[in-house]
Structures are given as C-alpha cells and as structure tokens.
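By convention here, the first residue in the shown sequence is residue 1. Because the structure is predicted, anything quoted here is derived from the model rather than measured.
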Amino acid sequence: MAADRRIVIENGAIATVDAQDTEYGTGHVVIADHRIESLGAGPAPRDLENVVRRIDASGHLVTPGLVNTHHHFYQWITRGLATDHNLFDWLTALYPTWARIDEPMVHAAAQGSLAMMARGGVTTAMDHHYVFPRGAGDLSETIICAARETGVRFTLARGSMDRGESDGGLPPDFAVESLDDALAATEETVRRHHDPSSDALTQIAVAPCSPFSVSTELMRQGAELARRLGVRLHTHGSETVEEEKFCHELFGMGPTDYFESTGWLGDDVWMAHCVHMNDSDIAAFARTGTGVAHCPSSNARLAAGIARVPDLLAAGVPVGLGVDGTASNESGELHTELRNALLINRLGTHREAALTARQALRLGTHGGATVLGRGADTGSLEPGKLADLVLWKLDTLAHASIADPVAALVLGAAAPVTASFVGGRQIVEDGRLLTVDEDAVARATRDESRRLARIAAGD
C-alpha cells in the first residue's frame with residue numbers, strides 16, 4: 001500500500017476489540033497516513049517505507065480510542081452545585097443559572113470538557129446541547145470550533161426545548177425556543193456543519209432534549225427532519241421513575257411506547273440513560289436497533305438507578321458509554337466510566353456475572369462507535385479503520401503488578417495516556433494535550449464560571 005507517511009507502534013500489548021476480541025501480548029500497529037494499515041503479533045516489518053516515527057510501546061496497552069456517547073459541555077462551568085438532588089430537583093435548581101449562558105461561557109466550557117476527555121483517552125466525543133437563551137450568540141458554532149481546536153472526532157447533537165415553565169416544563173421561558181425556531185435552527189446546523197464522509201471530524205444529530213421539556217410535535221417533526229436530512233437522532237429516555245410517571249400522566253403510556261408513537265425508535269436513534277426499562281422496552285429497542293448511552297456515574301450521582309446493561313447486551317441492543325454533563329459527573333473523564341460501568345452493574349441482579357473487564361472496554365470503544373453510527377470506521381483496531389487509538393502506560397506503581405493489561409486498564413487506577421491519535425494525528429503526549437494550552441483553558445473555565453455565577457446571582 002502506498003503511503004506518504006507511516007507511524008509504527010510496537011512492543012506493546014494490544015486489545016483490538018474486533019469481533020473476535022483479538023489480543024496480542026506483544027504486538028505492533030502500523031499507521032499509514034490516517035488509517036491503520038496492519039497490526040499483529042511481534043515486531044513490525046523492518047522494510048516499511050516512509051516511516052516517519054517508531055514508538056516503543058513497551059509497558060503499554062494499545063486500544064482503540066474511547067468514544068463518548070452522551071455529554072453536556074456547557075455544564076463544565078456549573079460543577080459542584082446541587083450535589084444532593086435527584087434529577088428533577090437538580091434541573092429545577094440549575095436551570096435558572098443555565099438559562100444565562102452565552103457564547104464565551106459555552107466556548108470555555110466546551111474546551112474544558114473536551115480537554116479533560118481527550119487527555120484521558122477519548123478520541124470521539126459528542127455534545128448534547130439544548131439550552132439556547134435568546135441573544136446568547138451562535139452556541140453550536142462555538143462548540144464545534146472548540147472540538148476542532150482540541151482535535152477530536154465530534155458529533156454535535158443539536159438539542160432543543162420548546163416546553164418552558166408556562167407550558168409545564170422545567171426551564172425558564174426565555175431559555176426555550178419555539179417549535180418552528182428549533183426546527184429551523186437545527187436544520188441550518190446540519191446543513192452548515194454535518195460531514196457524512198467516513199473520516200468525518202464533525203457530524204450533527206437532531207436531538208430534542210427529553211419528553212418532559214419538549215412538545216410531542218417537536219419530537220415528531222424532529223424525527224422527520226433527521227430522516228429527511230440523513231442524520232442520527234438523540235434524546236434522553238427512561239432516566240428516572242419520575243420521568244416514567246410524567247409520561248404516563250401526560251401521554252397515557254410509558255417512555256418507550258411514547259418514543260415509538262413519535263417515530264423515535266430505530267437504528268438511527270440512540271438514547272441516554274435508559275435506566276427504567278422493562279422486558280418489553282428492551283425487546284422494542286432490540287427489535288428496532290435503537291442504541292443506548294449508558295452513564296453509570298451520573299446515574300449514581302443523581303440516584304437514578306442501575307441500568308439493565310447486561311440484559312440490553314444479551315438482547316442485542318447497541319450500548320456505549322457516556323460521561324453525561326459534568327454538573328452530574330464532576331470528573332468529566334470517560335475512562336473512569338469503564339470501571340464504574342463494571343462495578344455498578346455488578347450491584348444489580350446479575351451480580352459478578354454482569355459485565356467483564358473486556359465487555360466494559362467494548363462499551364467504551366466499539367460499542368460507542370456503533371451507537372454513534374461510526375462503527376464501520378472506528379471503535380476497534382483493524383486494517384482499514386481510522387487510526388484512532390491510545391497508548392495506556394501500565395508499567396508504573398499503579399498497574400505494574402496487575403498481570404492482565406485489560407483488567408489493569410478497567411479495574412485499576414486511571415491509567416496515564418502516553419499517546420493518543422485521531423486519524424493518525426497525535427493529540428496527547430505524556431498526559432498533556434498537544435492541541436490546546438490546558439492551563440489557559442483552566443483559567444478561562446474558572447473565569448467564565450465565576451462570571452456566570454455573578455450573573456445568576458443578579459450582580
């Protein structure tokens with residue numbers, strides 16, 4: 001294969017997360033330009049042409065880059081608030097503050113969220129942004145710019161809310177859009193920014209927020225819009241018992257039946273949380289190919305419950321992992337979700353048989369890529385796939401005595417990232433971002449957080 005440049009990674013353990021869960025105790029990966037050219041056991045061939053760099057991965061585990069399937073970047077600047085609330089009380093406490101965000105705040109928050117994920121091994125991120133106060137600026141554009149600056153592959157789920165306080169919703173009226181404005185702005189975002197190509201860095205999804213903050217007409221017309229434009233659909237679903245009660249009272253049916261009635265089940269749809277699902281709900285997701293973004297830390301933080309992940313997987317439902325917004329998961333790191341997904345699910349009915357370390361790694365990589373519609377091109381290490389991969393350092397005090405490198409990554413302390421690549425471009429080296437100034441981002445997020453707090457307090 002002709003290639004202008006090759007990067008050779010060798011001498012490390014490799015977990016490919018391919019369909020056979022192929023692993024190499026000591027192996028190599030060859031990156032040719034933007035994609036993986038070859039990989040296998042032992043050292044790489046010595047006669048490769050145009051090799052610009054050889055990386056000695058001794059003491060490392062090489063995996064696909066992590067894929068985040070649910071997040072709310074703007075919440076980075078409201079961390080540590082309402083720490084003892086359930087979902088509805090938490091939303092009620094924070095919406096008055098969130099309703100005052102503007103473009104500089106959102107850009108700083110997006111940079112902070114992206115930087116924290118990227119330095120922790122995320123190569124594909126997403127943001128579900130649904131708060132668009134009047135006069136706040138072009139929030140979608142500034143989020144996309146932050147992702148480009150960070151260098152990760154990115155899906156913006158362009159959210160919307162049209163049910164404000166006066167219509168029985170939770171957010172203030174000036175923070176919601178009208179039905180027509182939400183649909184028009186979403187369509188404009190897709191037309192301006194969505195790249196349908198296989199190696200796209202930016203894609204857009206249609207994403208009304210949730211059944212309790214969105215009218216039935218916005219749900220229905222949002223689904224029609226997404227399918228007319230050929231993009232994916234995302235929303236929150238079955239997160240809490242309160243949401244289930246709300247759906248029964250307002251619509252006369254549970255969340256899954258409501259979603260199906262509005263066109264919101266299908267293999268182009270993924271939903272966040274899906275904690276309170278019965279056997280019939282799981283069967284409907286499996287029958288339609290609807291995906292799930294599992295957010296274990298946020299679910300625990302808000303006392304939402306334990307999602308039935310083992311049952312979802314057994315039924316064939318696509319499942320990935322999500323950080324969720326950092327106002328309900330202050331760490332903002334996806335690699336901690338590998339561990340939490342395994343541990344929290346073992347507290348459920350399946351106990352020690354709930355998830356294995358390798359299943360947790362699959363959720364955070366190939367599972368997430370599948371949920372975002374990117375599984376054909378990323379999420380596993382295979383020839384021809386995009387070179388989105390991470391080198392985890394496992395030879396330090398924290399991990400050196402753990403014999404199984406996958407168990408070390410999933411169950412051990414957060415492993416340092418020696419190198420992270422997106423499409424063959426390195427974005428992290430020795431735990432530091434190469435694309436943005438982390439210290440400057442930290443200062444900006446602190447300043448914008450304080451500015452938002454002053455505005456929300458009426459100063």
Asker: Between E337 and S297, does any side-chain donor sit less than 3.5 Å from a side-chain acceptor?
Answerer: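 Distance-only check passes for E337 and S297.
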Asker: Check step by step if side-chain contact (heavy atoms from CB on, under 4.5 Å) holds for V323 and E333.
Answerer: CA-CA 7 Å; V323 169; E333 296 177 299; over 6 Å; no
Asker: Between the side chains of W270 and T290, does any donor sit under 3.5 Å from an acceptor?
Answerer: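 No, no side-chain donor-acceptor contact under 3.5 Å.
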Asker: Any luck finding a side-chain donor-acceptor pair between D180 and S178 under 3.5 Å?
Answerer: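 Side-chain D/A pair, D180 to S178: absent.
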Asker: Can you tell whether the side chains of E217 and R163 come within less than 4.0 Å, N to carboxylate O?
Answerer: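 Salt bridge flag = no for R163 with E217.
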Asker: Quick check on the 6.0 Å ring-centre criterion: do H273 and H236 meet it?
Answerer: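 For H273 and H236, the ring centres are under 6.0 Å apart.
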Asker: Would the distance check show the side chain of S113 and the main-chain N or O of A110 forming a donor-acceptor pair, the cut-off being under 3.5 Å?
Answerer: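 Not at all, since once roles are kept as given, no pair shorter than 3.5 Å links the two residues.
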Asker: Can you tell me if D404 uses its side chain to pair, donor with acceptor, with the backbone of V406 under 3.5 Å?
Answerer: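 Such a contact is found between D404 side chain and V406 backbone.
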Asker: What about W98 and W90, are their ring centers closer than 6.0 Å?
Answerer: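 Here the rings of W90 and W98 have centres that are less than 6.0 Å from each other.
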Asker: Hey, are the side chains of F132 and V176 touching, using non-hydrogen atoms and a 4.5 Å cut-off?
Answerer: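 No, every pair of side-chain atoms sits at 4.5 Å or beyond.
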Asker: Considering only distance and modelled atom types, tabulate donor-acceptor pairs under 3.5 Å from the side chains of residues 249-256, sequence neighbours left out.
Answerer:
unit_1: T256; atom_1: OG1; unit_2: D281; atom_2: OD1; d: 3.2

Asker: Under the salt bridge (Lys or Arg N to Asp or Glu O under 4.0 Å) criterion, do R158 and E141 qualify, and how do the steps go?
Answerer: CA-CA 11 Å; R158 203 293 180 179; E141 173 76 28; over 6 Å; no
Asker: With a 6.0 Å cut-off on the ring centroids, do F246 and H248 count as close?
Answerer: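 No, the ring of F246 stays outside the 6.0 Å limit from the ring of H248, centre to centre.
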Asker: Using the side chain to side chain donor-acceptor pair (under 3.5 Å) rule, take H107 and E149 through it: C-alpha gap first, then chi angles, then the decisive distance, then the call.
Answerer: CA-CA 11 Å; H107 186 263; E149 291 160 0; 3.2 Å; yes
Asker: Looking at G40, is its backbone amide N or carbonyl O close enough to the side chain of H28 to form a donor-acceptor pair, meaning the two atoms are under 3.5 Å apart?
Answerer: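 Yes: the side chain of H28 pairs with the backbone of G40.
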Asker: R374 vs R153, test: side-chain contact (heavy atoms from CB on, under 4.5 Å). Steps then yes/no.
Answerer: CA-CA 10 Å; R374 308 297 301 263; R153 218 171 291 285; 3.5 Å; yes
Asker: If we only count heavy atoms from C-beta on, is the H350 to D311 side-chain gap below 4.5 Å?
Answerer: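 Result yes, sub-4.5 Å side-chain heavy-atom pair found.
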Asker: Are K385 and D199 within salt-bridge range, i.e. N to O under 4.0 Å?
Answerer: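 Looking at D199 together with K385, the answer is no, because their closest N to O distance does not fall below 4.0 Å.
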Asker: Donor-acceptor check, side chain of H128 to backbone of A207, threshold 3.5 angstrom: yes or no?
Answerer: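 Side chain of H128 to backbone of A207: a pair is present.
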Asker: To the nearest 0.5 angstrom, please state how far the CG atom of L363 sits from the CG atom of L313.
Answerer: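 L363 atom CG to L313 atom CG measures 5.5 Å (nearest 0.5 Å).
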Asker: Looking at V390, I14, L389, L391, which one forms a side chain to side chain contact (heavy atoms under 4.5 Å, CB included) with T63?
Answerer: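 When side chain to side chain contact (heavy atoms under 4.5 Å, CB included) is applied between T63 and each of V390, I14, L389, L391, only V390 qualifies.
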Asker: Can you confirm whether the side chains of D162 and S215 place a donor and an acceptor under 3.5 Å from each other?
Answerer: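 Side chains of D162 and S215: pair found under 3.5 Å.
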Asker: Taking the side chain as everything from C-beta on, heavy atoms only, tell me whether W76 gets closer than 4.5 Å to E330.
Answerer: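 Answer no - side chains too far apart.
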Asker: Using modelled atom types only, decide if a donor and an acceptor are shared between the side chain of T262 and the backbone of F259 within a distance under 3.5 Å.
Answerer: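 Yes, the answer is positive, given that a donor and an acceptor are paired below the 3.5 Å cut-off.
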Asker: Just by distance, no angles: are the side chains of S213 and S210 close enough, under 3.5 Å, to form a donor-acceptor pair?
Answerer: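 Yes, S210 and S213 have a side-chain donor paired with an acceptor closer than 3.5 Å.
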Asker: Can any side-chain N or O of D388 pair as donor or acceptor with the backbone N or O of G65 at less than 3.5 Å?
Answerer: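 It does not hold such a pair.
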Asker: Give a yes or no answer on whether the side chain of E438 reaches the backbone of L433 with a donor-acceptor pair at less than 3.5 Å.
Answerer: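 At least one qualifying donor-acceptor pair exists.
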Asker: With a 4.0 Å cut-off on N to O distance, would you call R287 and E260 a salt bridge?
Answerer: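 Judged by the 4.0 Å cut-off on N to carboxylate O distance, R287 and E260 do form a salt bridge.
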Asker: Which residue in the set L372, L386, V422 passes side chain to side chain contact (heavy atoms under 4.5 Å, CB included) when paired with T124?
Answerer: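 Only one of L372, L386, V422 forms a side chain to side chain contact (heavy atoms under 4.5 Å, CB included) with T124, namely L372.
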Asker: Please give me the minimum heavy-atom distance between L156 and I143, naming the atom from each residue.
Answerer: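 Scanning both residues completely, I find the closest heavy atoms to be CD1-CG2, 4.1 Å.
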Asker: Please check this pair: side chain of E243 against backbone of S238, looking for a donor-acceptor N/O pair closer than 3.5 Å.
Answerer: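 Pair found, side chain donor or acceptor close to backbone of S238.
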Asker: Is H85 atom NE2 crowded by more than 12 heavy atoms from other residues, nucleotides or ligands, each under 6.0 Å away?
Answerer: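 Enclosed: over 12 neighbouring heavy atoms sit under 6.0 Å from NE2 of H85.
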Asker: For E23 and T16: C-alpha separation, side-chain torsions, deciding distance, then whether side chain to side chain donor-acceptor pair (under 3.5 Å) applies.
Answerer: CA-CA 6 Å; E23 296 181 14; T16 68; over 6 Å; no
Asker: Would you say T186 and L225 make side-chain contact, with heavy atoms under 4.5 Å?
Answerer: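 Heavy-atom side-chain distance check passes, below 4.5 Å.
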Asker: Considering only NZ, NE, NH1 and NH2 on the basic side and carboxylate oxygens on the acidic side, decide whether E224 and R220 come within less than 4.0 Å.
Answerer: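 Result for this pair is no, no salt bridge flagged.
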Asker: Tell me every residue that passes side-chain hydrogen bond (donor to acceptor under 3.5 Å, both in side chains) with R425, counting only those two or more places apart in sequence or in another chain.
Answerer: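 Residues passing side-chain hydrogen bond (donor to acceptor under 3.5 Å, both in side chains) with R425: none at all.
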Asker: Identify the two heavy atoms, one from A15 and one from L61, that lie closest to each other, and give their separation to 0.1 Å.
Answerer: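 For A15 versus L61, the nearest heavy atoms are N-CD1, 3.9 Å.
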Asker: Who pairs with D279 by salt bridge (Lys or Arg N to Asp or Glu O under 4.0 Å), at least two apart in sequence or on another chain?
Answerer: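 By the salt bridge (Lys or Arg N to Asp or Glu O under 4.0 Å) rule, D279 matches R308.
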Asker: Taking the ring centre of each residue, are H70 and H294 less than 6.0 Å apart?
Answerer: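 No.
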Asker: Are the ring centres of Y74 and H129 closer than 6.0 Å?
Answerer: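 Between H129 and Y74, which both carry aromatic rings, the centre distance is below 6.0 Å.
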Asker: Identify the heavy atoms of T378 and H366 that sit nearest to each other, and give their distance.
Answerer: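 Closest approach of T378 to H366: O-CD2, 4.2 Å.
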Asker: Quick one: does any side-chain atom of Q75 pair with a main-chain N or O of H72 as donor and acceptor, under 3.5 Å?
Answerer: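 No, Q75 side chain to H72 backbone: no donor-acceptor pair under 3.5 Å.
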Asker: So which heavy atom on G120 is nearest to which on L66, and how close?
Answerer: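 Scanning both residues, the minimum pair turns out to be O-CD1, 3.9 Å.
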Asker: Given side chains that start at C-beta, do those of V29 and I36 come closer than 4.5 Å, heavy atoms only?
Answerer: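 V29 reaches I36 side chain to side chain.
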Asker: Does any non-hydrogen side-chain atom of R362 lie less than 4.5 Å from one of L338?
Answerer: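 In short, these two side chains do not touch, never coming nearer than 4.5 Å.
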Asker: With the side chain counted from C-beta on, respond yes when L334 and V122 share a heavy-atom pair under 4.5 Å apart, and no when they do not.
Answerer: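 Answer yes - side chains close enough.
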Asker: So which atom in N299 and which in G305 form the shortest heavy-atom distance, rounded to 0.1 Å?
Answerer: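 Of all heavy-atom pairs spanning N299 and G305, the closest is CB-O, 3.6 Å.
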Asker: With S298, which of T326, D324, N329, N340 fulfils side chain to side chain donor-acceptor pair (under 3.5 Å)?
Answerer: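 With S298 as partner, T326, D324, N329, N340 yield a single side chain to side chain donor-acceptor pair (under 3.5 Å), made by D324.
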Asker: Can you list the steps and then say if I55 with F421 is a side-chain contact (heavy atoms from CB on, under 4.5 Å)?
Answerer: CA-CA 12 Å; I55 298 174; F421 293 86; 3.7 Å; yes
Asker: Side chain of Q203, backbone of T155: donor and acceptor closer than 3.5 Å?
Answerer: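 No.
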Asker: Under 3.5 Å, is there a donor-acceptor pair linking the side chains of H60 and T418?
Answerer: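 Short answer, yes.
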Asker: Apply the test side chain to side chain donor-acceptor pair (under 3.5 Å) to residues D138 and S140: give CA-CA distance (whole Å), side-chain angles for both, the deciding distance (0.1 Å), then the verdict.
Answerer: CA-CA 6 Å; D138 192 339; S140 294; 4.9 Å; no
Asker: Contact between F285 and V292 at the side-chain level, heavy atoms closer than 4.5 Å - yes or no?
Answerer: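 When only atoms from C-beta onward are counted, V292 and F285 do touch, with a gap below 4.5 Å.
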Asker: Does either side chain, that of R35 or that of S198, offer a donor lying less than 3.5 Å from an acceptor on the other one?
Answerer: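 Distance-only check passes for R35 and S198.
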Asker: Please report the closest heavy-atom contact between H34 and G423, naming both atoms and the distance.
Answerer: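 Taking every non-hydrogen atom into account, ND1-O, 3.1 Å.
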Asker: Report the C-alpha separation of M161 and L218 in whole Å, then their side-chain angles, then the decisive distance to 0.1 Å, and conclude whether the side-chain contact (heavy atoms from CB on, under 4.5 Å) test is met.
Answerer: CA-CA 8 Å; M161 299 186 293; L218 181 51; over 6 Å; no
